[in-house]
There are 2 protein chains.
Amino acid sequence: MHAENALTSRSDLVREKLEEMIVEGAFSQGERLDEVKLSQRFDVSRTPLREAFQALAASGLLVLEPRRGAFVRFPALEEVFEMFEVMAELEAFCCRLASRRVTPAFLADLEETVVECRQAVASDDVNRYYHANERFHGLIYEASGNSFLGAEATRLHRRLKPYRRLQLNNRGRMAHSLAEHGRVVEALTRGDAEAAANEMRAHIAIQGGKFNDLIVSYRRTARKAG
Amino acid sequence: MHAENALTSRSDLVREKLEEMIVEGAFSQGERLDEVKLSQRFDVSRTPLREAFQALAASGLLVLEPRRGAFVRFPALEEVFEMFEVMAELEAFCCRLASRRVTPAFLADLEETVVECRQAVASDDVNRYYHANERFHGLIYEASGNSFLGAEATRLHRRLKPYRRLQLNNRGRMAHSLAEHGRVVEALTRGDAEAAANEMRAHIAIQGGKFNDLIVSYRRTARKAG
DNA sequence: AGATCCTATCTTGCATACAAGATGGTTGAC
DNA sequence: GTCAACCATCTTGTATGCAAGATAGGATCT
C-alpha cells in the first residue's frame, strides 16, 4: 500500500509521521510542538517540519498561533459528533447519487466487500473488517459519479479514522455494521435512492447504542493522549 | 473587514495576494509559477512564497508537482458543477438543522439581509447584493448549530466565490435569487425543515436557466485567464 | 536525417543563518 | 510584600546558501 514512498519529500514523510503520532495519541491536548526538538528527532531541518505543520493545521490536527507555535488540538467530543453528523449526510448523498448509476459490476464489487466483512466478523478480525469496510465506503464514494464529493468524503472519512477504528473494538459493533452494509446494498440493488440514503445515514450517524460506543472510544484516545 | 491585517505574516499576505490573482485570472490554466520571479515581485524570499504555494495547493488552486514546480489549476466546468452540487446539499442540510433552532432574533437578522438584498436589487447594486447574500448564507450556516458543518460550508462557499459573483452579473439573476431567499425564510418561519432544505437546495443547485448563467460566467473567467 | 546520450544550466528541496517578537525571571519602586 | 518594568533568553519568521534532480540543447552514433 505504501510501496512507492521511497521518493517522497521529507516534508511529506514528516507530515505522515506526525499525523500518525498525533492520531495515535503521542502528544497531549494543547501541547506545543517544539520545532527544534522535532526537527532533530526526525533528522530534518526546520523548513520541511514547518511545511508539515501547515499541512496538519489545514486538516485541523494542529493550531498555528502566529509567533507562538504549533499546538496539538484534539477535537472536543462535541466536535466529533458534529463531524459524524456531516459524514452521515455526505455519505447518504453519495448513496442517493450512486443509486442512479448502479451497474452489475459495481454491485458485484460491493457484494464482495460484504462477503469479506462477513468473514472478518466470523473470525473476529478487526483489522480485516476495517479494511473491507474502507473499501465498501470507497466504492460508494466513487459510484456517486461526483468526484469532488468523493474527494471530500474521503477527506472527512480519513479524519474520523481513529474514532471509527476504535468503535469497531466495541463488542458487537462489527456484526451490526455488517448488517447495515447489507441493507445499503439491498436498497441500492432495488434502485431505491431514498432508502439507500437513509440506510447509509443510519449506518454512520451516532445514535442509540453508538452514543456510548463513541464515548468509550473517545475516552480511550483521550486517556492515551493525556 | 480587513482592518486587522497589519500584523499578519508575509506568507499569509502572499497567500491572499496570490489567491486573488489566480481567482481574478492573472494566470492562465496550467501555467507554472516561478518561485524566484514571484518572490521578487512580492519582495519576499522564497520561503514564505513556498508556504503560500502549499496553502493554495491545499485549497485546490494550485497543483504542486514534486521537483517540477507549482502549476495553476482552474477546475474544469464539470468540477464546478460538482462543487455546486455538494454546496447545495450542505446548505440544504444547514437549513434542515437550522429550522429546529429558529429564534425570533435569528429570523429578524435573516429578514434584515433580505431587506438589504431587496434594496440592492432596486438600485441594481451587485456589490451590495453580494455582501448581503454572504450574510444571509453565513447566518444560516451558524444557525445550523453544527459549527463543523458551518466551517465546511464556509470553506466551499469561499471556493465558489468567483462563480457566484459572476453569476450575479447575469441579468435578472439578482431578482430570482432574492425571491428564493424569501422562500427559504418563509419555510424556516413556518418551521418546515424539509421545505426549507428543498428551497435552499433549489436556490444553490445549478439547474434550469442557471446552467447557461454559469457557463457564461465560466467562459468569462476562462477568457480572462487564457 | 533522426534518435539518443551527455552535459550545462536552471529550479526545486532542504539546511542554515539571522532578525524580530514573545516569554520568564529578576530587580527596583511603592 | 506586591506589582511593574526591564533585560536576558528562547522561539518563531524570513532570508540566503547549497546540493540534487529536472530540462534543454548540442554532439555523436546509427
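Letters A, B, ... are given to chains in the order of the sequence lines, protein chains preceding strands, and every chain is numbered from 1.
- Rounded to whole Å, atom P of C:dT11 lies 12 Å from atom CZ of B:Phe71.
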Per-nucleotide protein contact string for nucleotides 11-19 of chain D (B base, S sugar-phosphate only, - none; heavy atom under 4.0 Å): SBBBBBB--
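- The 12-atom threshold is exceeded at CD of A:Glu65, counting heavy atoms of other residues, nucleotides or ligands nearer than 6.0 Å.
- In this structure A:Tyr130 satisfies the ring pair (Phe, Tyr, Trp, His ring centres under 6.0 Å) test with no other residue, sequence neighbours excluded.
- The pair B:Glu89-A:Arg96 meets the salt-bridge criterion, with a side-chain N (NZ, NE, NH1 or NH2) lying under 4.0 Å from an Asp/Glu carboxylate O.
- Between B:Lys161 and B:Glu134 no salt bridge is recorded (no basic side-chain N to carboxylate O distance below 4.0 Å).
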Pairs of donor and acceptor atoms involving the side chains of residues 75-83 of chain B, under 3.5 Å and at least two apart or interchain, shall be tabulated with distances.
residue: B:Glu79; atom: OE1; partner: B:Arg73; partner atom: NH2; Å: 2.6
residue: B:Glu82; atom: OE1; partner: A:Ser147; partner atom: N; Å: 3.3
residue: B:Glu82; atom: OE1; partner: A:Ser147; partner atom: OG; Å: 3.2
residue: B:Glu82; atom: OE1; partner: A:Phe148; partner atom: N; Å: 3.0
residue: B:Glu82; atom: OE2; partner: A:Ser147; partner atom: N; Å: 3.2
residue: B:Glu82; atom: OE2; partner: A:Ser147; partner atom: OG; Å: 3.4

